[in-house]
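Here is how names work: the chains are called A, B, and so on, in the same order as the sequence lines, proteins then strands, and each is numbered from 1. Just the heavy atoms: all of them, side chains too, but no hydrogens, waters or symmetry mates, feed the values below.
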Number of protein chains: 2
Amino acid sequence: MPRPPTIDREVVLAAGLALADKRGLEAVTMQAVASKLGVTPMALYRHVASKADLLDGLVEKLLDELPAARAGSWDAQLVATANALRMTARRHPAVFPLLLLRPAITASSRARVDRIYAVLRSAGIAEQHLQHVERVISTLALGFAAGEASGRFPKHADITFRTMTQFVIAGLAPFRSQTG
Amino acid sequence: MPRPPTIDREVVLAAGLALADKRGLEAVTMQAVASKLGVTPMALYRHVASKADLLDGLVEKLLDELPAARAGSWDAQLVATANALRMTARRHPAVFPLLLLRPAITASSRARVDRIYAVLRSAGIAEQHLQHVERVISTLALGFAAGEASGRFPKHADITFRTMTQFVIAGLAPFRSQTG
DNA sequence: ACCTGAACACCGTTCAAGT
DNA sequence: ACCTGAACACCGTTCAAGT
């Protein structure tokens, strides 16, 4: 005896994200999410496998929010990517740090990593350094954004960001074989 | 009517850390910690203000574990510090990532940051760049250690670490005014 | 197919009471 | 001073039942 669905995974995740943004990660309980949707907590289990799955879904939503890569020189592209991460971290400070706790290569992140590889290639990074250089600069960009979102840099975060971009350009130098 | 204390803050934190190391952060419950000590959960509240205070105490214990800085060239000292963070992260993979969520300057971390400042000065970093450069390299070292501990780099983490050290040395170049 | 009611084992935390 | 017993409001999750 079918029934018209009143909620779906998308609205469950949206409600969870809104709750996390407004009142922090610990405010994201099955009961709070359900109540926001006018439904009982048990209804959520048809759309998310567990609370851990719900939190995973929130992280996915953050990644989906990142803008597509822009054109420009390789260094401008790297800065734009780091900046996009930073903006997303500011919108979702409670959820963002979870990004650092996930495997670097998931199905959904693969395309994004490949994009960075392409940018690094155009910067002249040799193939054997690609994976490691990508990890280093991604760790730095993610770590900075997560740190800022967590209040680690209460003052002068903008200057630290600028310092970071200069630092990255110079740090890449030993790994570049040709100008891009 | 005084009683001899059966537990103190130190053993509460030690029990919590052991639990986190063995079974993860979510295994650290007041009941589990208490049971490990042969005591009721309510007994813990005389020694820690709350569960959040307990977790804060675990992070402090990790910091206390870091070895004192060693002598050597500035670059060797930076590498040694990053390596010490990495070893601590491996011993305590569940707790370590919490470090990235804390303010960079707390009373207890102040001395450590000052030590890095001294090393960076001896590398010839100009005074106006000191704070920002320190934030950048600390974010990178912490982020890498936390990422590795969380399983972000399942393969070739050692090579990535070496890449990171080269990257940092080169990244510092634009901020150095004299050889140290 | 989708949601609910009732139930379970657990959680952090309080407060008054015991020694 | 320090720990306990009893209690409270909450948590995630299950399962059978309703529509």
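Using bins of under 30°, 30° to 60° and over 60° for the plane-to-plane angle, the ring pair A:His156/B:His132 lands in the perpendicular bin.
Counting only residues at least two apart or in different chains, salt bridge (Lys or Arg N to Asp or Glu O under 4.0 Å) contacts with residues 143-152 of chain A comprise A:Arg86-A:Glu148, A:Arg90-A:Glu148. The list of salt bridge (Lys or Arg N to Asp or Glu O under 4.0 Å) pairs with a residue in residues 28-38 of chain B, not counting sequence neighbours, is empty.
For the pair B:Arg9 CZ and D:dC2 C1', the computed distance is 17 Å after rounding to whole Å. Atom pair B:His47:NE2 and C:dT13:P shows a separation of 16 Å (rounding to whole Å applied). Regarding A:Met42, its CE atom lies at a distance of 15 Å from the P atom of D:dA17, rounded to whole Å.
Looking at A:Thr106 and A:Ser109, their side chains do bring a donor and an acceptor atom within 3.5 Å of each other.
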Contacts under 3.5 angstrom, residues 8-28 of chain B side chains, donor-acceptor by atom type, not counting sequence neighbours:
from: B:Asp8; atom 1: OD1; to: B:Glu10; atom 2: N; distance (Å): 3.2
from: B:Asp8; atom 1: OD1; to: B:Val11; atom 2: N; distance (Å): 3.0
from: B:Arg9; atom 1: NE; to: B:His47; atom 2: O; distance (Å): 3.2
from: B:Arg9; atom 1: NH2; to: B:Asp53; atom 2: OD1; distance (Å): 3.0
from: B:Arg9; atom 1: NH2; to: B:Asp53; atom 2: OD2; distance (Å): 2.6
from: B:Glu10; atom 1: OE2; to: B:Lys61; atom 2: NZ; distance (Å): 2.8
from: B:Asp21; atom 1: OD1; to: B:His92; atom 2: ND1; distance (Å): 2.9
from: B:Asp21; atom 1: OD2; to: B:His92; atom 2: ND1; distance (Å): 2.8

Table of protein N/O atoms under 3.5 Å from nucleotides 8-12 of chain D N/O atoms:
from: D:dG12; atom 1: OP1; to: A:Met30; atom 2: N; distance (Å): 3.4
from: D:dG12; atom 1: OP1; to: A:Lys51; atom 2: NZ; distance (Å): 3.3
from: D:dG12; atom 1: OP2; to: A:Met30; atom 2: N; distance (Å): 2.9
from: D:dG12; atom 1: OP2; to: A:Gln31; atom 2: NE2; distance (Å): 2.7
from: D:dG12; atom 1: N7; to: A:Gln31; atom 2: NE2; distance (Å): 3.4

Pairing annotation in dot-bracket form, given for DNA chain D with Watson-Crick or G-U pairs under 3.5 Å and | for cross-strand partners
||.|||||...|||||.||

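Partners of A:Phe96 under the ring pair (Phe, Tyr, Trp, His ring centres under 6.0 Å) rule, at least two apart in sequence or in another chain, do not exist in this structure.
Using a 4.0 Å cut-off, some side-chain N or O of B:Thr6 falls inside it from OP1 or OP2 of D:dC3.
The residues B:Asp114 and B:Arg110 are annotated as salt-bridged, a charged nitrogen and a carboxylate oxygen being separated by less than 4.0 angstrom. Salt bridge status for A:Arg115 with A:Glu134: absent, with no side-chain N to carboxylate O gap under 4.0 Å.
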